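What follows is a single structure, written as structure tokens, with notes after it.
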Amino acid sequence: MAIDEIIGNFELLEEWEDRYRYLIELGRTLEPLPQAAYTDENKVRGCASQVWLETTRGQDAAGAPTLTFRGDSDAHIVRGLVALVLALYSGRRPQEIVETDAAPLFKQLGLAEHLTPQRANGLRSMVERIKKEAKDGLAG
């Protein structure tokens with residue numbers, strides 16, 4: 001799902017209970033990871049729940065390198081947060097990923113004040129991991 005569509009849907013929901021349900025629904029839209037992707041290398045450190053991110057390198061229509069991410073979590077709300085982060089970053093060029101700050105989006109959606117500290121740390125860890133992959137993609 002496109003990030004703009006997610007933002008629009010989120011803004012239609014006034015109650016946080018509805019927004020949590022929407023996050024859970026977003027998580028259900030994630031493409032399942034193959035069993036082989038549940039590795040220690042793909043595991044995101046710093047998350048209270050278990051989170052895995054798999055990175056695939058590709059090219060866009062212009063032949064520029066892109067990074068595509070797939071992910072999963074063992075917690076429903078966190079799986080929704082994974083879907084949100086993937087909608088923001090997946091399929092983009094490494095330079096775009098490095099330059100995209102997720103904090104304003106999280107603030108706009110109200111996540112900063114409605115997530116537990118553990119989930120907020122996990123969300124930051126996911127973004128840091130994606131940006132590291134992008135920086136590694138720029139370096140080589």
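Source: prediction; values computed, not measured. Computed over heavy atoms, backbone and side chain alike; hydrogens, waters and symmetry mates excluded.
With contacts defined as side-chain heavy-atom distances shorter than 4.5 Å, the pair Ile7/Gln108 qualifies. Looking only at side-chain heavy atoms (C-beta outward), Leu81 and Leu115 come within less than 4.5 Å of each other.
Residues Met1 and Tyr22 share a closest heavy-atom pair of SD-OH, 3.5 Å. Minimum heavy-atom separation, Arg93 to Ala64: NE-CB, 3.3 Å. Here the closest non-hydrogen pair linking Ala48 and Gln118 is CB-CB, 3.9 Å. Contact detail for Ala87 and Ile3: the closest heavy-atom pair is O-CB, 3.9 Å. Across all non-hydrogen atoms, the minimal contact from Ala37 to Asn42 is O-ND2, 2.9 Å. Taking all atoms of both residues into account, the shortest heavy-atom contact from Gly71 to Leu30 is O-CD1, 3.5 Å.
Rounding to the nearest 0.5 angstrom, the gap separating the CD atom in Glu31 from the CG atom in Asp72 is 11.0 Å. Atoms CD1 and CG, on Ile77 and Leu26 in that order, are 12.0 Å from each other to the nearest 0.5 Å. For the atom pair Asn121 CG and Met126 CE, the distance stands at 11.0 Å (nearest 0.5 Å).
Using modelled atom types, no side-chain atom of Ser49 and backbone atom of Asp74 make a donor-acceptor pair closer than 3.5 Å. Judged purely by atom type and a 3.5 angstrom limit, Arg19 uses its side chain to pair as donor or acceptor with the backbone of Leu13. Side-chain atoms of Ser90 come within 3.5 Å of backbone N or O of Phe69 as a donor-acceptor pair.
Between Trp16 and Phe10, the two ring planes are perpendicular [angle over 60°; tilted spans 30° to 60°].
Within 6.0 Å of the CD atom in Glu41, the count of heavy atoms belonging to other residues, nucleotides or ligands does not exceed 12.
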**Item:** Worked check of side chain to side chain contact (heavy atoms under 4.5 Å, CB included) between Thr55 and Ile130
**Value:** CA-CA 8 Å; Thr55 307; Ile130 287 170; over 6 Å; no
**Request:** Could you give me the CA-CA distance, side-chain angles and deciding distance for Arg21 and Asp18, then say whether salt bridge (Lys or Arg N to Asp or Glu O under 4.0 Å) is met?
**Result:** CA-CA 5 Å; Arg21 273 197 286 272; Asp18 294 332; 2.6 Å; yes
**Message:** Could you walk me through whether Lys132 and Lys135 satisfy the side chain to side chain contact (heavy atoms under 4.5 Å, CB included) test, starting with their C-alpha distance in whole Å, then the side-chain angles of each, then the deciding distance to 0.1 Å, before giving a yes or no?
**Reply:** CA-CA 5 Å; Lys132 181 190 178 313; Lys135 287 174 186 169; 5.7 Å; no
**Request:** Take Leu23 and Leu111 through the side chain to side chain contact (heavy atoms under 4.5 Å, CB included) test and state the conclusion after the steps.
**Result:** CA-CA 11 Å; Leu23 276 174; Leu111 294 174; 4.3 Å; yes
**Request:** In sequence, state the C-alpha distance, the side-chain angles, and the governing distance for Arg45 and Asp40, and then conclude on salt bridge (Lys or Arg N to Asp or Glu O under 4.0 Å).
**Result:** CA-CA 10 Å; Arg45 306 285 177 247; Asp40 201 48; 3.0 Å; yes
**Message:** Let's go through Phe106 and Leu84 carefully: what are the C-alpha distance in whole Å and the side-chain angles of both, what is the deciding distance for side chain to side chain contact (heavy atoms under 4.5 Å, CB included) to 0.1 Å, and is it a yes or a no?
**Reply:** CA-CA 10 Å; Phe106 299 156; Leu84 178 67; 4.1 Å; yes
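Every residue meeting the side-chain contact (heavy atoms from CB on, under 4.5 Å) condition with Ala134, not counting sequence neighbours, appears here in chain and number order: Leu67, Pro94, Ile97, Val98.
Across Thr68, Asp60, Thr100, a single residue satisfies side chain to side chain donor-acceptor pair (under 3.5 Å) together with Arg92, and that is Thr100.
Glu133 and Arg129 are joined by a salt bridge, as a carboxylate oxygen and a charged side-chain nitrogen come within less than 4.0 angstrom of each other. Between Glu25 and Arg28 there is a salt bridge, since at least one side-chain N of the basic residue sits less than 4.0 Å from a carboxylate O of the acidic one.
No continuous path of hydrophobic side-chain contacts links Tyr89 to Leu138 [ILVMFWY only; heavy atoms under 4.5 Å].
Cluster note: Tyr38 groups with Leu33, Trp52 through ILVMFWY side-chain heavy atoms spaced under 4.5 Å, whether in direct contact or through intervening members.
For the residue pair Thr66/Arg57, the side-chain donor-acceptor check at 3.5 Å is not satisfied.
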